[in-house]
Amino acid sequence: MRNVIYAINITLDGCFDHTNMIADEELLEHYTQLLREADLLVYGRKTYELMVPYWPDIAKSQSGTKAENEFARTFDSSNKTVFSRSLASAEGNTRIVRTNLQGEILKLKQERGKNIVVGGVDIPSQLIGLGLVDEYRFVVHPIVAGQGRRLLEGVRLPEKLRLKLVESKSLESGCVALRYLKQ
């Protein structure tokens, strides 16, 4: 069975605003490695539109730094599933799913392949509430944002979620990459 990995950048005060994060070479290398461990990326419309066309354009032009170009190539070559009722179309190797988040993820978990990486806030929050996330990869940035969206806002968990820390890594920027497994 494939694992669903939730990966996200977060500030010290729990915010998920990508404009408040440190996006350096080491962080991009970290996420490039994570994407290489997966063969499917899952997003909602908002996160997909943050990533596309920005990263595919970098992949085509190779106009970024070495780490940006490598992340862009890895992202662009990855299969993607976007859950959206309003997204009209998607680029390249992206499939739009309009209904049944739970059923679709359960089906994808049963398919052969590598890990499934989920990003964003809305779709992962729903998947966490449904008990479908197997692993959590948080990169905690040394920033206090003071405001912004937080994970699981408005989502009720059926029970307390217990996680086991299995890896941590300090980055030169002061970020800390944490890897947790669901117990």
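This one's a predicted model, so the numbers in the text were calculated from it and none came from an experiment.
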Nearest 0.5 Å, what's the CG-NZ distance between Asn69 and Lys60? 13.0 Å

Roughly how far, to the nearest 0.5 Å, is the CD atom of Glu25 from the CD atom of Glu68? 6.0 Å

Could you pull out every donor-acceptor pair under 3.5 Å between side chains of residues 135-150 and any protein atom, sequence neighbours left out?
residue, atom, partner, partner atom, Å
Glu135, OE2, Arg137, NE, 2.5
Glu135, OE2, Arg137, NH2, 2.7
Glu135, OE2, Arg179, NE, 2.7
Arg137, NH2, Glu37, OE1, 3.1
His141, ND1, Ile22, N, 3.1
His141, NE2, Asn9, OD1, 2.9
Arg149, NH2, Asp122, OD1, 2.4
Arg150, NE, Asp13, O, 3.1
Arg150, NH1, Gly148, O, 3.2
Arg150, NH2, Asp13, O, 3.1

Give me the atom names and distance for the closest heavy-atom approach of Trp55 to Ala72. O-CB, 3.4 Å

Assess the residue pair Thr81 and Glu104 against the criterion (side-chain hydrogen bond (donor to acceptor under 3.5 Å, both in side chains)); give the C-alpha distance rounded to whole Å, side-chain angles, the decisive distance to 0.1 Å, and a yes or no. CA-CA 10 Å; Thr81 296; Glu104 185 66 22; 5.6 Å; no

Counting only N and O atoms by type, is there a donor-acceptor contact under 3.5 Å from the side chain of Arg95 to the main-chain atoms of Ala90? no

Checking the side chain of Tyr54 only, and the main-chain atoms of Glu49 only, is there a donor and an acceptor separated by less than 3.5 Å? no

Rounded to the nearest 0.5 Å, what separates atom OG1 in Thr74 from atom CD in Glu29? 11.0 Å

For Leu106, what residues pass the side chain to side chain contact (heavy atoms under 4.5 Å, CB included) criterion, not counting sequence neighbours? Gln102, Leu132

Side chain to side chain contact (heavy atoms under 4.5 Å, CB included) against Ser86, all qualifying residues, sequence neighbours excluded: Arg45, Ser84

Only one of Lys114, Arg2, Arg112 passes side chain to side chain donor-acceptor pair (under 3.5 Å) with Asp39; say which it is. Arg2

Which atom of Ala23 lies closest to which atom of Leu27, heavy atoms considered: CA-CD2, 4.1 Å

Does some side-chain heavy atom of Tyr31 sit less than 4.5 Å from a side-chain heavy atom of Leu28? no

